[in-house]
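Heads up, the thing below is written out as structure tokens.
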Amino acid sequence: MTLAEYFSTHPRAALAFSGGVDSAYLLWAGKHYGCDLTAYYVHTAFQPEFEFRDAQRLAQEVGVPMVVVETDILAVPLAAANGPDRCYHCKKALFTKLWETARRDGHTLLLDGTNASDDAGDRPGMKALRELAVESPLRLCGLTKADVRAASKEAGLFTWDKPAYACLATRVPTGQAITKEDLARVEKAEDALFALGFTDFRVRLLADAARIQLPEDQWDRAAGQRKKILAALKPWFSAVTLDLETR
């Protein structure tokens with residue numbers, strides 16, 4: 001099955017839209033193949049603001065209406081507790097809220113951007129998607145991440161080469177309760193590293209310190225900008241360290 005065939009039999013749908021590579025291409029494809037599509041962006045403390053801005057920009061460029069669904073994810077106890085099944089409880093809560101909103105708008109089909117490269121056995125959040133009957137057209141049509149990037153480039157989407165970006169909750173060690181304050185300082189630290197020209201990295205909490213994970217080809221640059229990195233991050237952390245294992 002192709003996306004053209006999928007959307008020909010599903011002419012109206014709601015899309016869980018994150019502003020990332022996969023959901024961005026699915027947004028474009030739905031519009032391109034004539035689907036009456038509405039994008040729903042769930043705005044929580046787990047999503048950095050740049051993702052929200054990217055989602056707004058892409059929806060505007062493609063010409064699809066975007067509904068912002070405000071959600072207090074830290075009010076979901078099993079998500080905030082950050083146990084090994086946090087992703088399942090987070091997805092269950094967010095997609096339940098998405099379904100409620102989409103159904104109020106008259107939708108009977110909810111889509112997400114899971115692709116054929118995503119390992120269902122390693123993605124506890126996908127269990128929640130199955131339970132809530134969320135469909136994943138990219139996966140159903142056999143489109144891998146590489147396929148999606150190539151098709152996005154051909155379509156002229158600015159997201160085609162956007163690095164993968166896991167939510168901010170992944171920066172907090174499993175078992176450590178997630179707080180709004182910790183999420184905020186991690187986001188500020190990552191914004192600072194972006195501003196210094198670094199890409200495809202993570203700033204993870206290590207007790208009260210920051211553990212920076214960078215691609216190996218950026219280690220020398222980090223050493224050369226050590227003082228700038230310390231000046232940018234020390235206001236929020238007791239110490240700043242560089243992880244010498246590639247992530």
Side-chain angles (χ1 to χ4, degrees), residues 1-71 91 94-95 97-99 101-102 104-107 109-118 129 134-168 187 190-191 193-195 197-201:
M1 177 169 46
T2 65
L3 283 177
E5 292 167 339
Y6 179 87
F7 283 114
S8 72
T9 57
H10 300 84
R12 188 168 190 266
L15 171 64
F17 182 51
S18 68
V21 177
D22 298 317
S23 64
Y25 179 65
L26 193 56
L27 184 84
W28 177 88
K31 174 76 171 183
H32 182 72
Y33 293 120
C35 181
D36 179 10
L37 199 64
T38 303
Y40 290 83
Y41 183 92
V42 185
H43 195 242
T44 78
F46 285 1
Q47 277 70 47
E49 282 302 302
F50 82 83
E51 291 275 50
F52 183 37
R53 293 192 298 270
D54 281 357
Q56 289 177 309
R57 175 184 167 187
L58 202 287
Q60 185 175 24
E61 289 182 359
V62 174
V64 172
M66 187 178 94
V67 176
V68 180
V69 182
E70 297 287 349
T71 305
K91 289 279 191 188
L94 297 186
F95 276 83
K97 183 71 175 289
L98 269 177
W99 254 130
T101 307
R104 280 201 303 269
D105 293 341
H107 289 286
L109 176 63
L110 178 60
L111 312 178
D112 94 305
T114 302
N115 66 61
S117 299
D118 292 324
L129 300 184
V134 176
E135 290 199 9
S136 305
L138 299 177
R139 190 174 181 85
L140 290 171
C141 294
L143 294 170
T144 65
K145 176 68 82 172
D147 294 330
V148 171
R149 288 193 184 279
S152 297
K153 185 177 183 180
E154 186 176 349
L157 304 181
F158 74 86
T159 50
W160 77 269
D161 63 345
K162 185 175 178 178
Y165 191 89
C167 80
L168 291 171
E187 183 175 1
E190 294 195 347
D191 284 347
L193 289 182
F194 274 125
F198 295 98
T199 59
D200 198 20
F201 58 82

Y41 and H43 aromatic ring geometry - parallel, tilted or perpendicular at 30°/60° bounds:
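Ring orientation of H43 relative to Y41: tilted.
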Can you label the angle between the F194 ring and the F201 ring as parallel, tilted or perpendicular, going by 30° and 60°?
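F194 vs F201 ring planes: tilted.
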Whether K91 side chain and L129 backbone form a donor-acceptor pair below 3.5 Å:
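Not a single qualifying donor-acceptor pair exists.
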How long is the span from the [atom1] atom in [X] to the [atom2] atom in [Y], to the nearest 0.5 Å?
X	Y	atom1	atom2	value
W28	E61	CH2	CD	14.0 Å
L157	R57	CG	CZ	10.0 Å
F52	T44	CZ	OG1	11.5 Å
T2	Y33	OG1	OH	6.5 Å
Q47	L94	CD	CG	7.0 Å
L110	L15	CG	CG	8.0 Å

Please determine whether a side-chain nitrogen of the Lys or Arg among [X] and [Y] lies less than 4.0 Å from a carboxylate oxygen of the Asp or Glu.
X	Y	answer
R53	E49	no
E51	K162	yes
D22	K145	yes

Side chain to side chain, [X] and [Y], heavy atoms closer than 4.5 Å:
X	Y	value
K97	V69	yes
L58	F158	yes
T101	R104	yes
T71	F46	no
Y40	D105	yes
L111	Y6	yes
M66	L27	no
V64	F17	no

Considering all heavy atoms, the nearest [X]-[Y] contact:
X	Y	result
L26	D112	CD2-O, 3.3 Å
P48	L168	N-CD1, 4.0 Å
D200	P163	OD1-CB, 4.0 Å
E135	L109	CD-CD1, 3.8 Å
V21	W160	CG1-O, 4.4 Å
S23	A16	CB-O, 3.8 Å

Walk me through whether L3 and Y25 qualify under side chain to side chain contact (heavy atoms under 4.5 Å, CB included).
CA-CA 11 Å; L3 283 177; Y25 179 65; 3.6 Å; yes
Are there more than 12 heavy atoms of other residues, nucleotides or ligands under 6.0 Å from atom CD of Q60?
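Atom CD in Q60 is not packed in, count stays at 12 or less.
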Would you say CD of E154 has more than 12 non-hydrogen atoms from neighbouring residues, nucleotides or ligands within 6.0 angstrom?
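No, not enclosed.
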